[in-house]
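Atoms within each ligand, like the ligands themselves, are counted from 1 in listed order.
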Amino acid sequence: MELITVNTKEEMARLAAEIIAKTVSEKPDAVLGLATGDTPVHTYSLLCEKCSEKLIDFSKIKTVNLDEYVGMGYNDKQSFKRFMFDNLFDKINIKHENIHIPDGKVADIALECENYDRLINSLGGIDLQLLGIGHDGHIGFNEPSTEFIYETHKVMLDPVTVKANSRFFKNENEVPRFAITMGISPIMNAGKLLMLAGKDKKEILMQAIFDGVTPSVPASVITKHKNLTVIYCNE
Ligand code: GLP
């Protein structure tokens, strides 16, 4: 594990964008696993800048996102699909058929979860998975539990997560209670993991990294990965 500590969000975003850009230049048809939330926003804007300056080419890149709220799709402004198009996909030269996000609007969620794992396997797995970390130690929406769930699955969001994500909604009642999340397997089978965390996540990040692997802090599982970079920002 490589743990890098930086002093500003700008430095964290710049480093993360460089690591992602390197992956894309080394493998132009790479599969990038992407995350949502505030933490990756600046990294995405730097990737958009690099793309507009022709310093990175997304034309052969495929993407798979970690998660999506059940019941939400692009037309819902708080959906993760909308977040990704607004913050990245609408500003880079990626082909829309290469963008994959769990579909929260389908009737059969269990089938969608199965199909998502099948899709990731058909792509040959994820080359680089970008991760944030939830206040409760979740990765994607793998919430604290008594066991790790390895397949992509429907999850009931932890109250800590509902509260944390309510900042994007009018109030907590409007936050969906269920989501689809990539399970632990597609994440841990990625060629490389890149986790970003700000000062607000210091305690849970230290717990995940140094207190042992436990499903009660799902992010702790990444410490078993052979190619993990964590960028922690003191801001
Ligand atoms: C969200 C996402 C996670 C994200 C986490 C932290 O709910 N499901 O993928 O890493 O919460 O978000 P933020 O970076 O805004 O703190």
Side-chain angles (χ1 to χ4, degrees), residues 6 8-10 12-13 15-17 20 32-46 63-72 76-84 86-88 100-104 113 116 120 126 128-145 149 152-169 172 174-184 186-188 190 193-209 217-222 228-235:
V6 294
T8 66
K9 288 180 179 172
E10 175 67 28
M12 177 164 73
L15 261 180
I20 295 168
L32 297 179
L34 300 177
T36 58
D38 289 332
T39 305
V41 167
H42 193 31
T43 299
Y44 291 150
S45 65
L46 292 178
T63 65
V64 285
N65 260 81
L66 281 165
D67 43 20
E68 178 61 277
Y69 290 116
V70 167
M72 286 202 158
D76 302 290
K77 67 180 174 56
Q78 297 95 348
S79 72
F80 288 171
K81 185 166 188 176
R82 183 69 160 275
F83 172 95
M84 290 306 304
D86 289 352
N87 286 283
L88 184 65
H100 306 288
I101 303 173
D103 184 349
C113 293
Y116 205 65
I120 293 170
I126 297 165
L128 179 145
Q129 177 64 57
L130 180 62
L131 293 168
I133 182 170
H135 288 281
D136 61 357
H138 71 232
I139 44 174
F141 273 135
N142 288 275
E143 294 282 34
S145 175
I149 302 178
T152 293
H153 59 280
K154 178 181 176 181
V155 60
M156 185 164 76
L157 298 182
D158 188 287
V160 170
T161 301
V162 170
K163 187 171 178 55
N165 288 12
S166 64
R167 69 190 190 278
F168 300 111
F169 295 81
E172 257 187 64
E174 289 204 1
V175 181
R177 271 20 187 200
F178 292 93
I180 297 173
T181 183
M182 237 191 243
I184 297 298
I187 294 169
M188 289 301 286
L193 298 183
L194 173 59
M195 174 171 279
L196 310 180
K199 192 174 183 179
D200 61 328
K201 306 285 177 52
K202 182 175 184 178
E203 193 181 326
I204 192 67
L205 179 70
M206 293 303 120
Q207 206 180 326
I209 292 176
V217 182
S220 61
V221 75
I222 67 173
L228 166 67
T229 297
V230 177
I231 305 176
Y232 169 70
C233 167
N234 252 319
E235 188 182 23

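Here the protein heavy atom with the shortest distance to atom 12 (O) of ligand 1 is Gly37 CA, 4.0 Å. Summary of contacts: the protein heavy atom closest to atom 8 (N) of ligand 1 is Asp67 OD2, 2.7 Å. At the top of the distance list for atom 15 (O) of ligand 1, counting protein heavy atoms only, stands Arg167 NH2, 2.5 Å. Nearest protein heavy-atom contact of atom 6 (C) of ligand 1 is Ile133 O, 3.5 Å. In this structure, atom 4 (C) of ligand 1 lies nearest to the protein heavy atom Thr36 O, 3.8 Å. Protein heavy atom closest to atom 14 (O) of ligand 1, with residue, atom name and distance, is Thr39 OG1, 2.5 Å. Closest protein heavy atom to atom 1 (C) of ligand 1: His138 NE2, 3.7 Å. Atom 3 (C) of ligand 1 has as its closest protein heavy atom Gly140 O, 3.5 Å.
Around atom 10 (O) of ligand 1, the closest heavy atom drawn from Ala197, Gly132, Gly198 belongs to Gly132.
To the nearest 0.5 Å, atoms CG (Leu194) and CG (Leu128) are separated by 5.5 Å. Distance CZ/Phe141 to CG/Asp67: 5.0 Å, rounded to 0.5 Å. The CG atom of Leu34 sits 7.0 Å away from the CD1 atom of Ile20 when rounded to the nearest 0.5 Å. Summarising the geometry, atom SG belonging to Cys113 is positioned 11.0 Å from atom CG belonging to Asp103; distances are rounded to the nearest 0.5 Å. Distance CZ/Phe80 to CE/Met72: 9.0 Å, rounded to 0.5 Å. Atom CE of Met12 is separated from atom OG1 of Thr39 by 5.5 Å, given to the nearest 0.5 angstrom.
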Validation: residues 156-166 side-chain donor-acceptor distances under 3.5 Å, sequence neighbours left out:
from, atom 1, to, atom 2, distance (Å)
Asp158, OD1, Val160, N, 2.8
Thr161, OG1, Asp136, OD2, 3.1
Thr161, OG1, His138, ND1, 3.1
Thr161, OG1, Glu143, OE1, 3.2
Thr161, OG1, Glu143, OE2, 2.6
Asn165, ND2, Tyr69, OH, 2.9
Ser166, OG, Lys163, O, 2.5

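Formation of a donor-acceptor pair under 3.5 Å by the Gln78 side chain with backbone atoms of Phe169 is not found in this model.
For the pair Lys201 and ligand 1, a heavy-atom separation below 4.0 Å is found.
Residue Asp200 has no N or O atom closer than 3.5 Å to an N or O atom of ligand 1. Checked against a 3.5 angstrom limit, the closest N/O atoms of Thr161 and ligand 1 fall outside it.
The Asn165 neighbourhood of ligand 1 comprises atoms 7 (O), with distances under 4.0 Å to a heavy atom of that residue.
Among all heavy-atom pairs drawn from Gly104 and Glu68, the shortest one is N-CG, 4.0 Å.
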